[in-house]
Amino acid sequence: QVQLVESGGGLVQAGGSLRLSCAASGRTFSSYAMGWFRQAPGKEREFVAAIDWSGVTAYYTDSVKGRFTIYRDNAKNTVYLQMNSLRPEETAVYYCAVGRILYERDYRRSGEYDYWGQGTQVTVSF
């Protein structure tokens with residue numbers, strides 16, 4: 001049974017940092033893309049960042065470029081999201097996802113991901 005378990009969320013002041021982790025189990029995901037999405041109350045789930053199977057190419061939504069870094073450790077079946085200079089408007093539940101993605105345009109599409117974690121809450125206070 002495939003499981004994705006996120007950790008690392010919490011409460012942080014604006015300008016602070018958090019590192020999210022997502023550990024996958026149940027199969028090897030070294031050939032899968034891994035991504036992070038977030039959903040704030042009353043809003044749709046949105047793409048944050050993704051990384052290809054090799055860990056070489058990463059994709060970010062414009063608002064987090066230069067502040068967030070996604071990386072992965074295939075030996076540990078784990079993907080990370082380092083978040084710096086956090087903003088209050090980034091308060092949300094953050095989800096990791098895994099999928100077999102072939103085309104660059106599909107990394108940002110939640111429907112292209114096959115497996116999802118349960119989410120971890122990130123709260124950024126003023």
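Residue indices begin at 1 and follow the sequence shown. Just so you know, these numbers use all the heavy atoms, side chains as well, and skip hydrogens, waters and symmetry mates. Quick caveat: nothing in here was measured; it's all calculated off a predicted structure.
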I51 and T57, any side-chain heavy atoms less than 4.5 Å apart: no
Flag, side chain of R72 to backbone of D52, donor-acceptor distance under 3.5 Å: yes
Closest approach of L81 to W36 (non-hydrogen atoms, all atoms of both residues): CB-NE1, 3.6 Å
Any donor-acceptor pair under 3.5 Å from N74 side chain to W53 backbone: yes
Single-linkage hydrophobic cluster, 4.5 Å side-chain cutoff, Y59 and W116 together: yes
V122 with M34, same ILVMFWY side-chain cluster at under 4.5 Å: yes
V2 versus F29, closest heavy-atom pair with distance: CG1-CZ, 3.5 Å
Minimum heavy-atom distance L4-A97, with the two atoms named: CD1-CA, 4.0 Å
Side chains of M83 and L20 in contact at under 4.5 Å (non-hydrogen atoms): yes
Main-chain N/O of T120 paired with E6 side-chain donor or acceptor, under 3.5 Å: no
Parallel, tilted or perpendicular: rings of Y32 and Y115 (30°, 60°): tilted
Do any side-chain atoms of residues 84-96 form donor-acceptor pairs under 3.5 angstrom with protein atoms, and if so which ones, sequence neighbours left out?
residue : atom : partner : partner atom : Å
N84     : OD1  : S17     : OG           : 2.9
N84     : OD1  : Q82     : NE2          : 2.9
E90     : OE1  : R67     : NH1          : 3.1
E90     : OE1  : R87     : N            : 3.0
E90     : OE2  : R38     : NH1          : 3.4
E90     : OE2  : R67     : NH1          : 3.4
E90     : OE2  : R67     : NH2          : 2.5
T91     : OG1  : P88     : O            : 3.0
T91     : OG1  : V124    : N            : 2.9
T91     : OG1  : V124    : O            : 3.4
Y94     : OH   : R38     : NH1          : 3.0
Y94     : OH   : E90     : O            : 2.8

Flag if over 12 foreign heavy atoms under 6.0 Å of CD, E104: no
Common cluster, F47/V79, ILVMFWY with side-chain heavy-atom separation under 4.5 Å: no
Output field: ring centroids F37/Y113 closer than 6.0 Å: yes
T28 (side chain) donor-acceptor with S30 (main chain) under 3.5 angstrom: no
Closest approach of Y60 to R108 (non-hydrogen atoms, all atoms of both residues): O-NH1, 3.1 Å
Shared hydrophobic cluster, V48 / L18 (ILVMFWY, side-chain heavy atoms < 4.5 Å): yes
Residues forming a salt bridge (Lys or Arg N to Asp or Glu O under 4.0 Å) with R45, sequence neighbours excluded: none
A58 to I70 - nearest heavy-atom pair and separation: CB-CG2, 3.7 Å
Closest heavy-atom pair and its distance - K43, Q39: O-NE2, 3.1 Å
Side-chain heavy atoms of L11 within contact of S125, under 4.5 Å: yes
